[in-house]
Amino acid sequence: MSEARSTPVIRLTIDRQPHVAAQGATARQVLAAAGVTDAVAVRANQEEGLRDLSWLPTDGDRIESIPVATEEGRAVLRHSTAHVMAQAVTDLFPGTKWAIGPPIENGFYYDFDVERPFTAEDVERIEARMRAIVASRQRFKRRVVSADEARALFADQPYKLEVIEAATAGSVDDDEAVDAGPGTEITVYDNSVNTHVAWSDLCRGPHVPDTAHIPAFRLLRTAAAYWRGSERNPQLQRIYGTAWESEEALEEHLRLLAEAERRDHRRLGTELDLFSFPSEIGGGLAVWHPKGGIVRRVMEEYSRRRHEEAGYSFVVTPHITKAALLETSGHLQWYSQGMYPPMEMEGVRYYPKPMNCPFHILIYKSRGRSYRELPLRLFEFGTVYRFEKSGVLHGLTRARGFTQDDSHIFCTPDQLEGELTTLLQFVLDLLRDFGLTEFEAELATRPDKFVGEPDDWDDATQALRAALEATGVAYVLAEGEGAFYAPKIDVHVRDAIGRRWQMSTLQVDFQFPGRFDLEYQAADGSRPRPRMIHRALFGSIERFFGILLEHYAGALPAWLSPVQVTCIPIAERHVGYLAGVADQLRAAGLRVDVDTSDERMQKKIVRAQHEKVPFMLIAGDRDVAAEAVSFRYRSGEEKRGVPVGDALAEILQVVESRA
RNA sequence: GCCGGAGUAGCUCAGUGGCAGAGCAAUCGCCUCGUAAGCGAUAGGUCGCGGGUUCAAUCCCCGCCUCCGGCUCCA
């Protein structure tokens, strides 16, 4: 730097490279001098929080630039865009009270207390106003204020006052922390053009330097949300939006949203004639049509076989039970709001079951158990009923009646760790067989409110951790997120378009063995309590099916497809030949249709393509003469003149490999 | 459950205060065809349900039901 001669200099590290800068230079200036132009914020000295580009580094600071095209950078961008949105709302709806407006995955929101909910037209006007604000190149300027100054500034903003009080008391939650840093200092960001302050918000920051750094955004939808997330609090009007580092990135995100809509399992369920939710039966209660029923049966059969190979014992239990069982288990005390109400017969109350565990425990208890029998692995496709609030139902992934692939494993304390390890490996292997390959696990530890002995918790948590380490699956610690009766591993999967779904859960239970007074006879004649592991692998068949359907966009792999092969005659005279081919394929266990409709071949191809059938076998004169068929694959590729035996072998190979 | 939105043919959706429409699907007929939609005809509706306003309501108003987007909750 040329001015270094007359100005005191400071030594900095910028993105691990040493640099010299003039004292008093902003982070933005030193980054620019170092050739870094894509940053929206910086991290200083490996601190957790980020700083504005207007921050003044001092000698010896290590600076990490945060480019906009990173998750942290986008969060800064989205947070700033949320401010612009709040400013636009304030411009258009004077008197609006602001709550909070944090960045979230893929976007941002801001909650407002307004006279009436926003309409679609309001949102258009807000977005237009935002574009004007962005075009005016407003700056985001940070200033530190005292708690009293903040109270005065936001005297007419009751939600901000609450955040200020929470911040000064040091008790903010994560979302609110975005608006005011805990305890330390209270900061305000002024949005200004030249010296004119257009709008100010209580905010921890950081923010982009000015609105020229907001290249692409879109408002997406409005919704109601409770203040501080509690249904006892007033409902606020929330606007969701998204912001990206470029128009291209925004377009790509919008394309992904459209893709997700296209893959919606509820839409595919109707289009492919798999299942439906007749309103005559009631919300959240599915009926499975023949084609959906085939897929479900194949899934269950495969799972059953794998469980048998892994040493599980199949059990069957009823759908309803007397209240007493659920009193012993504690469900009536803890879970009654999630249960269907009881029905009374001969003066006794019976409940539809919300979970299978108490029933499996009674099987364990049906006679004395020896350590020689352990681990005892009970498995059931157990159908349960839970009364979900009407607003939360969502196709097959959130239903009121569903079938869990539920198992309960009873083992000795010594067996626990080994059992968990093989169990987790089993879970991951089976998910892979269904084509899900990206896993992320969470180890959820003891919550503030818990039952049992801390030592037991530590042992069980350690066993779960050992299982995670042994299988090598990536996991994060979810401190305090365990169930009140047990630590657990939750396995999440990423689907084909990157969405995260919670799938399997493994829990080590401290409650039930004691509540039901379970025991086994040990080799030394003592009668210790067994350990108990709860495990749902798919979670529920319905939910898993829905996720698979979205993962594959309806084009299920051949082994799961309801129709694996559609035979298409080119002309009516080829029907008889293809009927013979179809018989051969069926004899080999394949699910085959022959399209005998009075349509042209092209039309039949369209239909089979819409039905997402993996293999079309087409036959005309040339194929008949050669005792061959012609393939058309789901991809649109084709292969002509394949001898029937070869075609059968090829299809069987794909089906059996579950590819 | 709460806030907002939407309900028109099996599906996707137009439409208007004055006899209810399209495409696809379905049925029937003609065509017999070599890799993404052949031609014609027919049928299909209490315009979610109930009430109100009006000479007249699918349309405007009110209530309810169902679904959708969120919130809370959750497999």
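Sequence lines set the chain letters: A, B, ... in the order given, protein chains first and strands last, and positions in each chain run from 1.
- Nucleotides B:A20 and B:A43 place their C1' atoms 16 Å apart, quoted to the nearest Å.
- Going from the P atom of B:G29 to that of B:A57 covers 43 Å, rounded to whole Å.
- Rounded to the nearest Å, the gap between the C1' atom of B:G45 and that of B:C19 is 14 Å.
- Rounded to whole Å, the separation between the C1' atoms of B:U54 and B:G18 comes to 12 Å.
- Across all strands shown, B:C2 pairs with B:G70; the Watson-Crick or G-U wobble distances both stay below 3.5 Å.
- Heavy-atom neighbours of A:E105 CD from other residues, nucleotides or ligands within 6.0 Å: at or below the threshold of 12.
- Between the side chains of A:S597 and A:E599, no donor N or O sits under 3.5 Å from an acceptor N or O.
- Side-chain contact of A:Y226 with A:R228: a donor-acceptor pair under 3.5 Å is absent, judged by distance alone.
- Across the P atoms, B:A25 and B:C60 are found 33 Å apart, a figure rounded to whole Å.
- Figure legend: cation-pi geometry between A:K97 and A:Y159 absent, as NZ or CZ is not positioned both under 6.0 Å from the six-membered ring centre and within 45° of its axis.
- A 4.0 Å heavy-atom criterion places the boundary nucleotides of RNA chain B facing chain A at B:G1 to B:A75, written 5' to 3'.
- Look at the P atom in both B:G5 and B:C73: the space between them is 25 Å, to the nearest Å.
- Comparing A:S540 and A:L236, the nucleotide of RNA chain B nearest to each residue sits closer to the 5' end for A:L236.
- Between A:H319 and A:Y385, the angle of the ring planes lies from 30° to 60°, which puts this pair in the tilted group.
- The glycosidic torsion of B:C39 lies more than 90° away from 0, which places this base in the anti conformation.
- The residue among A:G395 and A:V606 whose nearest nucleotide of RNA chain B is located toward the 5' end is A:V606.
- Nucleotides B:U16 and B:U66 have their C1' atoms positioned 25 Å apart, rounded to a whole Å.
- Aromatic ring centroids of A:Y110 and A:Y240 lie 6.0 Å or more apart.
- Under the Watson-Crick or G-U wobble criterion, with both distances below 3.5 Å, B:C24 is paired with B:G10.
- Near-neighbour residues of RNA chain B inside residues 560-571 of chain A, defined by a heavy atom below 4.0 Å, number-ordered: A:I570, A:A571.
- For the P atoms, the distance from B:U42 to B:G23 is 13 Å, rounded to whole Å.
- Annotation: side chain of A:Y109 is in contact with side chain of A:I104 (closest heavy-atom distance under 4.5 Å).
- Ring planes of A:F379 and A:H307: tilted class, angle from 30 to 60°.
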- request: Decide side-chain contact (heavy atoms from CB on, under 4.5 Å) for A:L420 and A:I533; before the verdict, give the C-alpha distance in whole Å, the side-chain angles of both, and the deciding distance to 0.1 Å.
  value: CA-CA 8 Å; A:L420 284 169; A:I533 303 168; 3.8 Å; yes
